[in-house]
2 protein chains.
Amino acid sequence: MRINMRAPVQPTLLKTQITRNHLRFTRQRQEIFKVFVGMARHVTAEEIYREVLKKESRIGLSTIYRTLGLFCRFGLAEARQFGDGHTRYDPVYDKHHHDHLICTQCGEITEFENQHIERLQEQVARRHRFVIRRHKLELYGLCADCHDHGSGKRG
Amino acid sequence: MRINMRAPVQPTLLKTQITRNHLRFTRQRQEIFKVFVGMARHVTAEEIYREVLKKESRIGLSTIYRTLGLFCRFGLAEARQFGDGHTRYDPVYDKHHHDHLICTQCGEITEFENQHIERLQEQVARRHRFVIRRHKLELYGLCADCHDHGSGKRG
DNA sequence: TTATTATTGAAAACGATTTCTATTATCGTT
DNA sequence: AACGATAATAGAAATCGTTTTCAATAATAA
Ligand SMILES: [Mn+2]
Ligand SMILES: [Mn+2]
Ligand SMILES: [Zn+2]
Ligand SMILES: [Zn+2]
């Protein structure tokens with residue numbers, strides 16, 4: 001049995017990126033990162049906003065979006081669209097590349113990785129003389145819970 | 001050498017769906033479908049709008065979006081987000097499921113299908129006791145033109 | 001400290017969707 | 001075929017989630 005399933009996130013992780021890029025270590029960026037690190041995976045900007053507001057009551061929603069965009073450029077987060085009309089932010093500082101299973105009934109998002117698929121993607125690209133920079137594989141359908149006892153947690 | 005690469009689209013294709021669903025065969029729906037069928041693959045609502053305006057000068061952009069949404073529900077089109085901030089509509093009445101290679105330099109979109117990958121997706125789903133309804137695989141990077149002579153057609 | 005910039009929050013703009021009322025396609029009746 | 005009732009649809013305007021613009025503010029370096 002393991003302890004510390006997830007390695008503790010260095011509070012310096014953001015500072016490092018900020019300094020490396022000659023940007024400014026503002027109160028807002030610190031607070032947004034702290035909140036982002038503390039929340040569940042695949043949260044929306046709105047969810048982060050409501051949490052940040054508790055400590056930083058004068059912050060604007062545009063700062064949240066801008067700062068999450070910054071985290072993405074730093075490689076600390078990735079923005080994802082799972083088709084519910086809200087962009088979700090995936091923390092990727094402690095996890096390598098993965099793809100997603102999305103339950104359209106209850107909204108559950110499951111992560112997976114499959115090296116076999118990734119190799120075949122490269123093969124497809126090679127045939128088209130295409131160089132892959134990044135990719136996205138999303139499987140939409142019903143999770144075990146939702147197709148077993150049909151009701152589901154959401155609408 | 002073949003003639004008629006693409007089978008001619010039945011003008012009745014839309015009418016059939018409209019009648020089957022007890023909806024109304026309006027002038028606007030006919031015109032939007034005619035334009036959609038005549039245009040390139042993966043066009044935006046705005047591009048369709050500009051074309052439809054030539055024949056139907058009083059039409060609203062919301063009707064374009066609504067009607068394209070209708071085509072999607074009918075299985076005649078699919079909406080796709082390739083990350084340039086515009087939803088693109090893929091005609092699928094004459095083509096079976098496929099995935100996409102997207103050049104982030106020049107915007108070129110190439111279609112492909114790979115049964116091997118599709119089977120592995122099912123395998124992943126089975127392991128998670130997940131039932132796939134639909135999926136999306138998008139490979140982003142540089143097309144042959146763009147990584148050979150670096151300039152590209154777009155900005 | 002001051003000067004130099006990057007960053008902030010408010011407001012405007014964007015692409016897309018929804019709401020609302022006037023219009024119109026369809027159907028049952030002549 | 002023409003009518004009238006009725007329910008779906010159209011276009012305008014409002015709204016949504018997100019991005020951009022811009023003047024005021026604040027982090028950094030001199
Ligand atoms: Mn994830
Ligand atoms: Mn396509
Ligand atoms: Zn579910
Ligand atoms: Zn290209």
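Lettering follows sequence order; numbering is per chain, from 1. Atom set for the values below is all heavy atoms of this structure, side chains included, hydrogens, waters and symmetry mates excluded.
- The nearest whole Å value for the distance from the NZ atom in A:K15 to the C1' atom in D:dA27 is 11 Å.
- Atom CD of B:E56 is separated from atom P of C:dT24 by 11 Å (rounded to the nearest Å).
- Note on A:T87: only backbone sugar-phosphate atoms sit closer than 4.0 angstrom, heavy atoms only; bases stay farther off.
- Two residues are said to be in side-chain contact when any heavy atoms from C-beta on lie closer than 4.5 Å; B:I32 and B:I59 meet this criterion.
- In this structure, the CG atom of A:L68 is 12 Å from the P atom of C:dT8, given to the nearest Å.
- Regarding contacts with the backbone of D:dA10, every side-chain N or O of B:T63 stays at 4.0 angstrom or more from both OP1 and OP2.
- Contact check of residues 16-25 of chain B against DNA chain C (heavy atom, cut-off under 4.0 Å) returns B:R24, B:F25.
- The CG-C1' distance, from B:L53 to D:dG11, rounds to 12 Å in whole Å.
- In this structure, the ring of A:H86 has its center no less than 6.0 angstrom from the ring center of A:H42.
- Atom pair A:L61:CG and C:dT7:P shows a separation of 19 Å (rounding to whole Å applied).
- Note: B:F33 and B:F36 have tilted aromatic rings, judged against thresholds of 30 and 60 degrees for the angle between ring planes.
- Along DNA chain C, the nucleotide nearest A:R27 and the nucleotide nearest B:A45 are compared for position; the residue whose nucleotide lies closer to the 5' end is A:R27.
- Rounded to a whole Å, the CZ atom of A:R29 is 15 Å from the P atom of D:dA26.
- Residues B:F74 and B:L13 are not in side-chain contact: their nearest non-hydrogen atoms beyond the backbone lie 4.5 Å or more apart.
- The only member of A:E78, A:E108, A:E111 that meets salt bridge (Lys or Arg N to Asp or Glu O under 4.0 Å) when paired with A:R41 is A:E111.
- B:S62 comes within contact range of at least one nucleobase, with a heavy-atom separation under 4.0 Å.
- Taking the side chain as every heavy atom from C-beta outward, A:L61 and A:E46 approach each other to under 4.5 Å.
- Electrostatic pairing of B:R119 and B:E122 does not count as a salt bridge here, judged by no charged N lying under 4.0 Å from a carboxylate O.
- Note on A:E46: nothing from the nucleic acid sits closer than 4.0 angstrom, heavy atoms only.
- What separates CD1 of B:I48 from P of C:dG15 is a distance of 15 Å, to the nearest Å.
- Residue contacts for A:R66: at a heavy-atom cut-off of 4.0 Å it reaches a base atom on one of the strands shown.
- Within 4.0 Å (heavy atoms only), A:T26 reaches sugar-phosphate atoms of the nucleic acid but no base atom.
- Nucleotides of DNA chain C nearest to B:Q28 and B:H86 differ in position, and the one nearer the 5' end is that of B:H86.
- Note: CD (B:E47) to C1' (C:dG15) measures 14 Å, nearest angstrom.
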